[in-house]
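I have placed the structure first, in the form of structure tokens, so that the comments after it can refer back to it.
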Amino acid sequence: MSDKIAFEDAVDLLDADHKAVKSLFIEFNGLSDDQAPAADRQAVALKICQALTVHAQLEEELFYPAVRQAIGDDALMDEAILEHAEAKEMIARIQEMDAEDEAFDDTVKELGIDIDHHVQEERGEIFLKARQADLDLRGMVPALAKRKEQLQKKAAMPAKAAA
Ligand SMILES: [Fe+2]
Ligand SMILES: [Fe+2]
């Protein structure tokens, strides 16, 4: 696999994120079932939090505004934003939790269920409507890829430096 992955369009790029984070949740559930050491569970959970933070910001900065304008469905987009806000709250909680905490695994799993639901809604409604709309989804790929790289670098920095 090469470093530069070519994406068909914006939906393809964003859905690749969904698939990547889904495999991290599957990995986490496996570790949880095996009662893996806290450090291992914590590492995967933090990867999940980081990936979702970058993904949500990417959608909110670039993809959602363009889709909102093109499809004119404010209620649908407002609901997606609300779900992001709920996910961010849970992400913040997980980032502050210790994996030794007995509620840790359940909180991460709960986030996984919420994200599954959100992704189903994106695929079934937002992505569908975006593809039907008069929107240059192919043309959005370079800007999305560039911003994603910046956000990933920022997310990988220690919290203080990233502020
Ligand atoms: Fe989203
Ligand atoms: Fe998404």
Side-chain angles (χ1 to χ4, degrees), residues 1 3-30 32 43-97 105-157 159 162:
M1 216 162 63
D3 271 359
K4 292 268 174 210
I5 301 162
F7 295 105
E8 185 72 16
D9 63 15
V11 165
D12 188 33
L13 182 150
L14 293 169
D15 209 40
D17 281 354
H18 294 159
K19 288 173 191 152
V21 86
K22 179 69 188 174
S23 24
L24 287 172
F25 275 116
I26 291 170
E27 189 184 341
F28 183 86
N29 287 351
S32 178
V44 176
L46 291 180
K47 267 200 232 174
I48 289 172
C49 292
Q50 210 174 80
L52 287 174
T53 302
V54 169
H55 178 81
Q57 196 170 341
L58 199 58
E59 286 185 338
E60 286 176 27
E61 277 184 15
L62 300 171
F63 185 70
Y64 283 4
V67 174
R68 184 189 286 269
Q69 204 182 24
I71 70 173
D73 189 340
D74 282 336
L76 179 65
M77 301 315 294
D78 288 347
E79 198 196 330
I81 296 279
L82 185 73
E83 287 175 357
H84 278 197
E86 287 165 358
K88 282 178 203 171
E89 267 180 43
M90 209 180 276
I91 286 166
R93 247 194 293 149
I94 292 167
Q95 283 171 328
E96 280 172 16
M97 263 172 127
D105 286 16
D106 283 345
T107 311
V108 177
K109 287 176 192 173
E110 202 186 316
L111 177 66
I113 292 166
D114 289 355
I115 296 300
D116 272 346
H117 163 87
H118 179 71
V119 167
Q120 287 322 310
E121 240 164 48
E122 282 186 343
R123 286 178 177 152
E125 299 205 54
I126 296 176
F127 288 177
L128 210 67
K129 288 185 180 182
R131 277 196 164 140
Q132 287 163 351
D134 181 22
L135 199 57
D136 183 12
L137 291 172
R138 269 173 190 276
M140 286 169 74
V141 170
L144 283 168
K146 190 176 166 212
R147 186 65 182 133
K148 186 179 166 184
E149 213 182 297
Q150 290 172 341
L151 291 170
Q152 277 174 328
K153 277 188 195 148
K154 195 177 144 195
M157 274 193 265

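The analysis underlying the following values was restricted to heavy atoms, covering all of them including side chains, and did not include hydrogens, waters or symmetry mates. Each ligand, and each atom within it, is numbered from 1 in the order the structure gives.
- Salt bridge absent: Glu110 and Arg93 never bring a charged side-chain N and a carboxylate O closer than 4.0 Å.
- Ionic pairing of Lys153 and Glu149 is present here: one or more N-O contacts between side-chain nitrogen and carboxylate oxygen are shorter than 4.0 angstrom.
- Applying the ring pair (Phe, Tyr, Trp, His ring centres under 6.0 Å) rule to pairs touching residues 123-153 yields His18-Phe127, Phe63-Phe127, sequence neighbours excluded.
- Nearest N/O/S atom of His18 relative to the Fe ion (ligand 2): this is NE2.
- The side-chain contact (heavy atoms from CB on, under 4.5 Å) test with Val21 is passed by exactly one of Leu52, Val119, Ile26: Leu52.
- Any protein N/O/S atom under 2.8 Å from the Fe ion (ligand 1) was counted, giving 5 altogether.
- Put simply, the side chain of Met77 reaches to within 4.5 Å of the side chain of Val67, judged on heavy atoms.
- The nearest pair of heavy atoms linking Ala155 to Val54 is CB-CG2, 3.9 Å.
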